[in-house]
Amino acid sequence: MSGPLYRAPRGVLEYLPPRGEEFLRVRERLAAPARAAGYSYLELPVFEQTALYARGVGESTDVVSKEMYSFTTRGGDEVTLRPEGTAGVVRAVLEHGLDRGRLPVKLWYAGPFFRYERPQAGRYRQLQQLGIEALGSEDPALDAEVIAIGWEGYAGLGLRGVRLDLNTLGCAVCRPAYREALVAFLATIEMDAETRRRATVNPLRVLDDKRPEVRDRLAEAPLMSTFLCAECRAHHDTVRTLLADVGVPWRDEPRLVRGLDYYTRTTFEFVHDGLGAQSGIGGGGRYDGLAEVLGGPALPGIGFGLGVDRTLLAVEAEGTGLAVAAPLDVFAVALGPEAGREVFSIVVSLRRAGIRTDQAFGNRALKGAMKAADRSGAAYAVLVGSRDLAADVAQVKDLVAGNQTAVPLSRLVDTLTRLLQEKDS
RNA sequence: GUGGGUGUAGCUCAGUUGGCAGAGCACUGGGUCGUGGUCCCAGGUGUCGCGGGUUCGACUCCCGUCACUCACCCCA
């Protein structure tokens, strides 16, 4: 096969029917708990000035150093397709003064994000994410709320294999001492050049290495938990108490660091084992210093990003199903061109009455049209031929039971409305 | 960026020591001039990923290349 002239760009995921409906369903279910908790929707640009990510996310991160889709515009601006959501949300909050009103500001967003990586199972160059951000409060109850919202989102999809990993990274008061201790420790162990480089730029991220041989060497590494200041310890204890109170289970994961520079205190990750090597289906944390880094006032914040693609994979891996409803109520069929005109009017009338309706197009043979009616999933077929036209009726056929009755055209909408209601109950 | 696997019909895949490219599904038409689901008949599509090489002859063997895929680092 020489193949079509054009192909989708490398590493993008396309959701074709019927999977597209499942994708939408997943996104709706993940968003529901956030909307129920007073988070407002925000639609942001999918590209920003490159400097926003370089500063906000951090030059030392993989995301910025090797995964950005960056380009220069015709006007000479350096821009980047958004690799994550938080930096853009904080930028918009600061730019438009959303932090001047009632705090905390609670926002949610969804859409595509871009990272230039080698694609593999569960990892795409264009990925779909849904996120929430709460800014303007250091209250640990907000940390617990954000985590619980994520948890409820997965629960709403019927997922049973989601695990929550939880950690705290300390703050500007206590982290420097820990960092120093960690650097001292890292100097004593053996590591490859790339890891050594990472250790100098951002030593905490070395802890996140998943290679067994590296993990072994890190077994004796100092942990943040022993360096926490009183405030951070109290904050973390409260978060965990609140989660326990509402029955959200977690696993303390003292090595959970996460890849972005802006995190402070609470960090967490939702993990699922059904997707191959990429097990993280969502994650987030607190970023109390980010607004200041971006030139704004002190504005603490916490949020998460949930991977919609990966969540759908998890749903499919668990085989729980999403019960996507039949898309149609009625399928209309015309026999001959004169009837075609009548059928078109019928179809539009039915739709205006809230009945989901499609029709056979293209002058198909009746047998083929009925086959199309059958496969459409509609509960009823409406047939109109010249004999019916002469009698001012349409044939209404129950596609499940198989019986058919003539209904006067003037009563067609009412009759079908009633039949569909009866079927529902 | 590095490594493994796979490329044959729209989809899922067969194809024997190298000898004329197949099945199922799907699609379209027909089987009583106006009736689907089961059944029967008929129909069509392929640069066998692409380019070289070996050979009388290559889907098959060799080399290269591209794509897809899985994995490593890392992340959603």
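Just so it is clear, the model here is predicted, and its values are computed rather than measured. First the proteins, then the strands, lettered A, B, ... as listed; each starts at 1.
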Atom [atom1] of [X] to atom [atom2] of [N]: distance rounded to whole Å?
{"X": "E67(A)", "N": "C72(B)", "atom1": "CD", "atom2": "P", "result": "15 Å"}
{"X": "L204(A)", "N": "C74(B)", "atom1": "CG", "atom2": "P", "result": "14 Å"}
{"X": "Y116(A)", "N": "A76(B)", "atom1": "OH", "atom2": "C1'", "result": "19 Å"}
{"X": "R118(A)", "N": "U2(B)", "atom1": "CZ", "atom2": "C1'", "result": "8 Å"}
{"X": "R255(A)", "N": "C74(B)", "atom1": "CZ", "atom2": "C1'", "result": "18 Å"}
{"X": "F331(A)", "N": "G37(B)", "atom1": "CZ", "atom2": "C1'", "result": "15 Å"}

| task | Determine which bases of RNA chain B form Watson-Crick or G-U wobble pairs with both distances under 3.5 Å, and write the result as a 5' to 3' dot-bracket string with | for other-strand partners. | result | (((((((..((((.....[..)))).(((((.......))))).....(((((..]....))))))))))))....
Consider only side-chain N and O atoms of [X] and [Y], and report whether a donor and an acceptor are under 3.5 Å apart.
{"X": "D288(A)", "Y": "Y262(A)", "answer": "no"}
{"X": "E152(A)", "Y": "Y154(A)", "answer": "no"}
{"X": "N202(A)", "Y": "D261(A)", "answer": "yes"}
{"X": "D143(A)", "Y": "H235(A)", "answer": "yes"}

Would you indicate what [X] reaches in the nucleic acid, counting non-hydrogen atoms under 4.0 angstrom: base, sugar-phosphate, or nothing?
{"X": "R125(A)", "value": "nothing"}
{"X": "D309(A)", "value": "nothing"}
{"X": "F113(A)", "value": "nothing"}
{"X": "Q128(A)", "value": "nothing"}
{"X": "G336(A)", "value": "nothing"}

[atom1] spacing across the pair [N] / [M], given as an integer number of angstrom:
{"N": "U38(B)", "M": "C25(B)", "atom1": "P", "answer": "11 Å"}
{"N": "G19(B)", "M": "C13(B)", "atom1": "C1'", "answer": "24 Å"}
{"N": "A21(B)", "M": "A14(B)", "atom1": "C1'", "answer": "11 Å"}
{"N": "C11(B)", "M": "G46(B)", "atom1": "C1'", "answer": "14 Å"}
{"N": "G10(B)", "M": "G18(B)", "atom1": "C1'", "answer": "30 Å"}

| Set of side chain to side chain contact (heavy atoms under 4.5 Å, CB included) partners for A353(A), sequence neighbours left out | V413(A)
| said: Check this for me: does the side-chain of E117(A) come within 3.5 Å of the base of A76(B) through a donor and an acceptor? | reply: yes
| note | So ring pair (Phe, Tyr, Trp, His ring centres under 6.0 Å) across residues 115-139 of chain A, not counting sequence neighbours, yields Y69(A)-Y116(A)
| task | Please name all residues satisfying side-chain hydrogen bond (donor to acceptor under 3.5 Å, both in side chains) with Q421(A), sequence neighbours left out, ordered by chain then number. | result | none
Polar atom pairs between nucleotides 65-67 of chain B and protein, under 3.5 Å, N or O only, would you list them?
{"from": "A67(B)", "atom 1": "O2'", "to": "R7(A)", "atom 2": "NH2", "distance (Å)": "3.3"}

| said: Do K397(A) and F331(A) form a cation-pi contact, if we require the NZ or CZ to be under 6.0 Å from the six-membered ring centre and within 45 degrees of the ring's axis? | reply: no
| message | So if I define the base as every atom that isn't primed, P, OP1 or OP2, how would nucleotides 26-36 of chain B read as a B/S/- string at a heavy-atom cutoff under 4.0 Å? | response | SSSSBB--BBB
